[in-house]
Chemist: 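Please see the structure below; I have some questions.
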Amino acid sequence: QASVLLDDGRTLAYTVRPGFLPVAQGGMGGDSGEPQAAIFHIAYTATGNTGPRPVCFVFNGGPGSSSVWLHFGALGPKRVPVPADGSAPASPYALVDNPLTWLAHFDLVFIDPPHTGYSVTASDEARKKMLSVDGDVAALAEFVRTWLAANGRFGSPLYVVGESYGTTRGAALADKLLDMGLALDGLILVSCAMDLQSLVFLPRNDLPYALFLPAFANVAQYHGLLKGPLGASPEAARQAAEAFVAEDYLSALHAGARLDGRHKRRIEQRMAALTGLPLALVEEKNLRITDQCFFVEALRAQGRIVGRLEARATAPMAASRSREYEFDPGMEALNAPYTALALSYYASLGLTMDTPYQVFNPEVNMAWNWLRGDGKPTGDPAGYTCTSTDLARALRRHPHLRVLAASGRYDLGTPYAASDWSLAQLDAPAEVLARVTHRHYDAGHMFYTRPDDLRQFKTDLVDWLAAAR
């Protein structure tokens, strides 16, 4: 039992219950019903309520990430405060009450997918199956069903929040749950990654070059790399870059070697002006600036690298000025405080496990099977995984499903323009897409670490929930 003082002055009492839930084998085989995984989760339920409360299931992404980021960054009743500018805090770190907790609106269940957190699978076969796009979705769908059954919550309004790869998972989960007779009232997508083709830089895929450019311009303006009107404001930089992409850049990429020299020169000059990168570099890269190139070249003159998941953050280059991107300054700022305080909090709940808690398990990421269905390749080695088709189908199937998407403008992992594109490509008529809302924030991938954006995110949630009534 605990309580938290909310931002409206109310005191909310709640119960916190950590635990494991078995995920059973489905189908009609002889092993049907046999546990295939033990999923670690932490459930928060408000006390003293007379009617059924909505239940919100929450997970992060990776794949390979536990749920600590959304748990202790935005939604839970406890929060890890970090500097608003994305820089790393100094120890000692402090876990504080979160007056903006979403527990005011939902009971919350934070899920650590298989082989993240304390969650494990029962066999090598189960591990291989669950470390895949469709196997992971099936496991999480079964977790939702099992948790609702175990807690007598069938009939409660259902919501899901996913971040990053968690949006890949969440989009498919909305459709999968409908197959099981479980209909979501709402899906919240934080830093969208439903269409990997929009994010993966590989030969013959020009889409990411166009979709990352507005974010490159936004970040370049932040770091003082843009001149004249482009450098006047983030809005000016973004608007100019978005217009350039729509009016000139996409057609130039499509033309390839057919682009005449004078036209190509004009495109190169505009790209250099919008990104702050040297003109010679833009020429060398044949109009194609990857994320990895931008990270190590944008601030090379200052001897610094730019953050991927929080591009306002920077760190010193090696003295050799290597072009190898060895670490992400944005994530380094969060890893230590979140890990230390999550483990301290779990210990305070009486969780003393022999196995380490996997905040992020890189082995899951490396072992992940990105192919769907029959496993036939659909493009690049990663299969250009796409679950936006699942979400579009779920929206068409269920007339009361609503979506709230949220993007950080300083996110160079899942840039905001890629999310704009992905949502605009949902295969559904206009009256269905009217149930999709997209909001933007002025920080990175975990934009909620910036207090102003945390508050705005909560305001946007409240408005979104009120619009459904």
Chemist: Going from CZ on F360 to CG on N365, what distance comes out if it is rounded to the nearest 0.5 angstrom?
Modeler: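 Spacing of CZ (F360) from CG (N365) equals 4.5 Å.
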Chemist: Does R308 make a cation-pi contact with Y325 (under 6.0 Å, within 45 degrees of the axis)?
Modeler: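 Because its charged atom misses either the 6.0 Å distance or the 45° angle limit, R308 does not stack over Y325.
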Chemist: Is any side-chain heavy atom of V144 less than 4.5 Å from a side-chain heavy atom of L177?
Modeler: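 Yes, side chains in contact.
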Chemist: Side-chain contact, heavy-atom cut-off 4.5 Å: V55 with W147?
Modeler: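 When only atoms from C-beta onward are counted, W147 and V55 do touch, with a gap below 4.5 Å.
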Chemist: Between the main-chain N or O of V133 and the side-chain N or O of N369, is there a donor-acceptor pair closer than 3.5 Å?
Modeler: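 Side chain of N369 to backbone of V133, a donor-acceptor pair under 3.5 Å: no, none is there.
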Chemist: Given the rule in the side chain to side chain donor-acceptor pair (under 3.5 Å) test, do Q456 and D452 qualify, once you have shown the distances and angles that lead to the verdict?
Modeler: CA-CA 6 Å; Q456 186 61 53; D452 286 350; over 6 Å; no
Chemist: Should D97 and R79 count as an ion pair when the cut-off is N to O under 4.0 Å?
Modeler: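 Here D97 does not pair with R79 in a salt bridge, since their nearest N and O are not under 4.0 Å apart.
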Chemist: Keeping the roles fixed (side chain from R127, backbone from T121), state whether a donor-acceptor pair exists under 3.5 Å.
Modeler: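 Pair absent, no side-chain N/O of R127 close to backbone of T121.
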Chemist: Can you label the angle between the F216 ring and the F294 ring as parallel, tilted or perpendicular, going by 30° and 60°?
Modeler: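 Parallel: the ring planes of F216 and F294 meet at under 30°.
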Chemist: Are side-chain heavy atoms of K78 and V96 found at a separation under 4.5 Å?
Modeler: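 Of all side-chain heavy-atom pairs linking V96 with K78, none is under 4.5 Å.
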Chemist: Let me see the working for Y44 and V109 under side-chain contact (heavy atoms from CB on, under 4.5 Å), right down to the final yes or no.
Modeler: CA-CA 6 Å; Y44 295 90; V109 184; over 6 Å; no
Chemist: Taking side chain as C-beta onward, heavy atoms only, is N98 less than 4.5 Å from F72?
Modeler: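 N98 does not reach F72 side chain to side chain.
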Chemist: Please step through side-chain contact (heavy atoms from CB on, under 4.5 Å) for the pair L412 and D291, ending with a clear verdict.
Modeler: CA-CA 7 Å; L412 294 182; D291 53 353; 5.6 Å; no
Chemist: Will you find, in the side chains of D85 and S87, an N or O donor that is under 3.5 Å from an N or O acceptor?
Modeler: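 Yes, S87 and D85 have a side-chain donor paired with an acceptor closer than 3.5 Å.
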Chemist: Taking the six-membered ring for Trp, is the centroid-to-centroid distance between Y165 and W370 below 6.0 Å?
Modeler: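 So the answer is yes for these two rings.
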Chemist: Take F57 and L173 through the side-chain contact (heavy atoms from CB on, under 4.5 Å) test and state the conclusion after the steps.
Modeler: CA-CA 11 Å; F57 296 92; L173 186 61; over 6 Å; no
Chemist: For the ring pair Y410 and H445, is the centre-to-centre distance below 6.0 Å?
Modeler: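 Centroid distance Y410-H445: not below 6.0 Å, so no.
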Chemist: Can a donor-acceptor pair be found between the side chains of R169 and N60 at a distance below 3.5 Å?
Modeler: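 Result is no, nothing qualifies.
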Chemist: Using the ring centroid of each side chain, check whether F201 and F212 are separated by less than 6.0 Å.
Modeler: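 Yes, the ring centres sit under 6.0 Å apart.
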Chemist: Which distance, rounded to the nearest 0.5 Å, do you find between the CG of L189 and the CG of L404?
Modeler: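 Answer rounded to 0.5 Å: 8.0 Å.
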Chemist: So which of R372, R397, K176, R396 actually passes salt bridge (Lys or Arg N to Asp or Glu O under 4.0 Å) with D390?
Modeler: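 When R372, R397, K176, R396 are each tested with D390, the salt bridge (Lys or Arg N to Asp or Glu O under 4.0 Å) holds only for R372.
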Chemist: Scan T414, D195, T167, T387 and name whichever one has a side-chain hydrogen bond (donor to acceptor under 3.5 Å, both in side chains) with S422.
Modeler: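 Single side-chain hydrogen bond (donor to acceptor under 3.5 Å, both in side chains) partner of S422 among T414, D195, T167, T387: D195.
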Chemist: Can you confirm whether R53 sits close enough to R153 that some side-chain heavy atom of one is under 4.5 Å from a side-chain heavy atom of the other?
Modeler: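 Contact flag for R53/R153 side chains = yes.
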Chemist: The test is side-chain contact (heavy atoms from CB on, under 4.5 Å); show your working for S419 and S407 and say whether it passes.
Modeler: CA-CA 7 Å; S419 298; S407 299; 3.5 Å; yes
Chemist: Has S66 got a side-chain atom pairing as donor or acceptor with V359's backbone, closer than 3.5 angstrom?
Modeler: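 Such a contact is found between S66 side chain and V359 backbone.
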Chemist: Using a 4.5 Å cut-off on heavy atoms from C-beta on, say whether the side chain of D411 contacts that of F447.
Modeler: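 No, every pair of side-chain atoms sits at 4.5 Å or beyond.
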Chemist: Supply the atom-to-atom distance L108 CG to T45 OG1, rounded to the nearest 0.5 angstrom.
Modeler: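 The distance works out to 10.0 Å.
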Chemist: Could you point out which residue of C56, P54, P157 forms a side chain to side chain contact (heavy atoms under 4.5 Å, CB included) with D185?
Modeler: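 The option that passes is P157.
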Chemist: Just say parallel, tilted or perpendicular for the rings of F110 and H71, cut-offs at 30° and 60°.
Modeler: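 Correct class here is parallel.
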Chemist: Between CG of L309 and OG of S164, what distance do you get to the nearest 0.5 Å?
Modeler: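 Here the interatomic distance stands at 7.0 Å.
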Chemist: Can you tell which of V23, I39, L21 makes a side chain to side chain contact (heavy atoms under 4.5 Å, CB included) with E142?
Modeler: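 Going through V23, I39, L21 one by one, the side chain to side chain contact (heavy atoms under 4.5 Å, CB included) with E142 is satisfied by V23 alone.
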Chemist: Distance-only, no hydrogens or angles: does the S91 side chain make a donor-acceptor pair with backbone N or O of Y93 under 3.5 Å?
Modeler: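 Here the side-chain-to-backbone pair does not exist.
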Chemist: Might you confirm whether atom CD of E235 has over 12 heavy atoms from other residues, nucleotides or ligands at distances under 6.0 Å?
Modeler: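 Yes.
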Chemist: For W102, which of F457, Y448, W464, Y159 qualifies under ring pair (Phe, Tyr, Trp, His ring centres under 6.0 Å)?
Modeler: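 The single option meeting the ring pair (Phe, Tyr, Trp, His ring centres under 6.0 Å) with W102 is F457.
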Chemist: Side chains of N205 and Q197: closer than 4.5 Å at any heavy-atom pair?
Modeler: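 Yes. Closest side-chain heavy atoms under 4.5 Å.
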Chemist: Please test R409 against D442 for salt bridge (Lys or Arg N to Asp or Glu O under 4.0 Å), starting from the C-alpha separation and ending with a verdict.
Modeler: CA-CA 5 Å; R409 295 188 178 103; D442 288 318; 2.8 Å; yes
Chemist: Should the pair R393-D427 be classified as a salt bridge under the 4.0 Å nitrogen-to-oxygen rule?
Modeler: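 Looking at R393 and D427, the cut-off is not met.
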Chemist: Return yes if some donor-acceptor pair links the side-chain N/O of H115 with the main-chain N/O of L131 below 3.5 Å, else return no.
Modeler: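 Pair absent, no side-chain N/O of H115 close to backbone of L131.
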Chemist: Just so I know, are the side chains of V161 and L70 near enough to count as touching, which here means a heavy-atom distance under 4.5 Å?
Modeler: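 Yes; the side chains approach each other to less than 4.5 Å.
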Chemist: For the pair S156 (side chain) and P52 (backbone), establish whether a donor and an acceptor sit closer than 3.5 Å, ignoring hydrogens and angles.
Modeler: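 No, S156 side chain to P52 backbone: no donor-acceptor pair under 3.5 Å.
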Chemist: Step by step, work out the side chain to side chain donor-acceptor pair (under 3.5 Å) result for D112 and S67.
Modeler: CA-CA 6 Å; D112 291 341; S67 60; 3.0 Å; yes
Chemist: Between CG of L211 and CD of E242, what distance do you get to the nearest 0.5 Å?
Modeler: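 The CD atom of E242 is 11.0 Å from CG of L211, to the nearest 0.5 Å.
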Chemist: Ring-plane angle category for H398 and H400, please: parallel below 30°, perpendicular beyond 60°, tilted otherwise.
Modeler: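 Correct class here is perpendicular.
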Chemist: Could you go through the side chain to side chain donor-acceptor pair (under 3.5 Å) check for Q1 and T15 one step at a time?
Modeler: CA-CA 5 Å; Q1 293 283 344; T15 299; 3.1 Å; yes
Chemist: Please confirm whether the backbone N or O of M446 pairs with a side-chain atom of T449, one donor and one acceptor, at under 3.5 Å?
Modeler: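 Yes; judged by distance alone, with no hydrogens or angles, the pair exists.
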Chemist: Counting N and O atoms only, with roles assigned by atom type, does the side chain of E310 sit under 3.5 Å from a partner on the main chain of R312, one being a donor and the other an acceptor?
Modeler: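 Indeed, once roles are kept as given, a pair shorter than 3.5 Å links the two residues.
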